[in-house]
Amino acid sequence: MDVVELHRRAVAEFVRQVAAVRADQWGAPTPCPDWDVRELVNHVVGEERWTVPLMAGRTISDVGSSLDGDLLGDDPASAADQAARAAQDALAEGIPRAATVQLSYGEESAAEYAYQLAADHLVHGWDLAVAIGRTAQLDPEVVEAVSSWFKDREELYRGGGAIGARVDGFSSATDSLIGAFGRDPAWTPGHTAVALLGAAFGAGDVDGIMAQMTEDCVFESTSPAPDGARYEGADAVREQWRKLFAETPDPLFETEEWVVRGDRAIVRWKFSWASDDGSRGHIRGVDVMRLRDGKVAEKLSYVKG
């Protein structure tokens, strides 16, 4: 399959998924923790909008900030479709004549650029599908072509911070590719909630913590022994975190490992604080969580020793 056709097929699936987004899903979480559905779609549409001037020989400086901000307007499906068609036309014209483009890292062939775009559309098409509760129907031939292309570029992408740690252990070609791009093929909205919860604990951000918990959430603390204390409802749970961060000298939570399966999650963490002698004391523990509607409904905490 030539790269123009590869790009066309990858883009077609993405545009199809955009058209299926319901009005109440644009703020839903995605496998990209920093983006909700609208932000993810806006990112991909932005890539397509950049394709036309870059294929015409313009530089990043030439384009400047003209494509910053929201590119979706009131009709994201139409915006995605129109941007995709324009990008496809530009690639179909430029690739046969061996055009080059000026990217952030320097000059690149238009064909290599098209592979990058196809891969991004393929993976973000999967991101979008699972975020809105649909089945990602990834073309097996596109998966095979992108997998072959990505094999020699995976570590370059990861070293540059473009993708997360590889997730292994899958038999299907599609799941293996998704895992290579740092996604868990079993992703649910709960994955994003757990990731954002860990980041908020690391920052000592009580508002951020509570944003990932349900209004009727339950928290069981690690003390007093042997059973801990139980707090029910967002107000009671919020107060425990406020007191912990306010009363602990230089508190720091660090997530060491986490796993989400269905509506359950397990997080292994380290909590440290400043001691009077200048050293840091710490404990290690585990949270057993129950998830509901993409948020944490129950958080039961246990510690070593």
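Since the model is a prediction, treat every value here as computed from it, not as a measurement.
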(message) If we count only N and O atoms by modelled type, under 3.5 Å, do the side chains of Trp149 and Gln116 hold a donor and an acceptor together?
(response) no
(message) Aromatic contact between His124 and Trp35, with the criterion being ring centroids under 6.0 Å apart: yes or no?
(response) yes
(message) For Asp36, give me all partners under side chain to side chain donor-acceptor pair (under 3.5 Å), at least two apart in sequence or on another chain.
(response) none
(request) Might you point out which heavy atoms bring Ala265 and Leu291 nearest each other, and give the distance in Å? (result) CB-CD1, 4.3 Å
(request) Would you please name every residue forming a side chain to side chain donor-acceptor pair (under 3.5 Å) with Lys299, sequence neighbours left out? (result) Asp287, Ser301
(message) Surrounding CG of Asp235 (heavy atoms of other residues, nucleotides or ligands, distance under 6.0 Å), is the total greater than 12?
(response) no
(message) Just so I know, are the side chains of Arg284 and Val303 near enough to count as touching, which here means a heavy-atom distance under 4.5 Å?
(response) no
(request) First locate atom CG of Leu40, then atom CD of Gln17, and finally report the distance between them rounded to the nearest 0.5 Å. (result) 11.5 Å
(request) Can you establish whether the number of heavy atoms outside Arg268 located under 6.0 Å from its atom CZ is more than 12? (result) yes
(request) Would you give the length of the straight line joining atom CG of Leu177 to atom CZ of Phe170, rounded to the nearest 0.5 angstrom? (result) 11.5 Å
(message) Ignoring hydrogens and geometry beyond distance, is a side-chain donor-acceptor pair present between Glu47 and His121 at under 3.5 Å?
(response) no
(message) Under a plain distance cut-off of 3.5 Å, with no hydrogens placed, do Asp81 and Ser78 share a side-chain donor-acceptor pair?
(response) no
(message) Rounded at 0.5 Å granularity, tell me how far CZ in Arg292 sits from CE in Met213.
(response) 11.0 Å
(message) Over 60° means perpendicular and under 30° means parallel, so tell me whether Phe150 and Phe181 are parallel, tilted or perpendicular.
(response) parallel
(request) Would you give the length of the straight line joining atom CG of Leu91 to atom CZ of Arg8, rounded to the nearest 0.5 angstrom? (result) 13.0 Å
(request) Please round to the nearest 0.5 Å and tell me the distance separating atom CE of Met55 and atom OG1 of Thr100. (result) 9.0 Å
(request) Answer yes or no: is there an ion pair linking Lys243 with Glu239, defined by an N-O contact shorter than 4.0 Å? (result) no
(request) Apply the ring-ring contact (aromatic ring centres under 6.0 Å, His included) test between Phe201 and each candidate in Phe253, Trp269, Trp258; give the one that qualifies. (result) Phe253
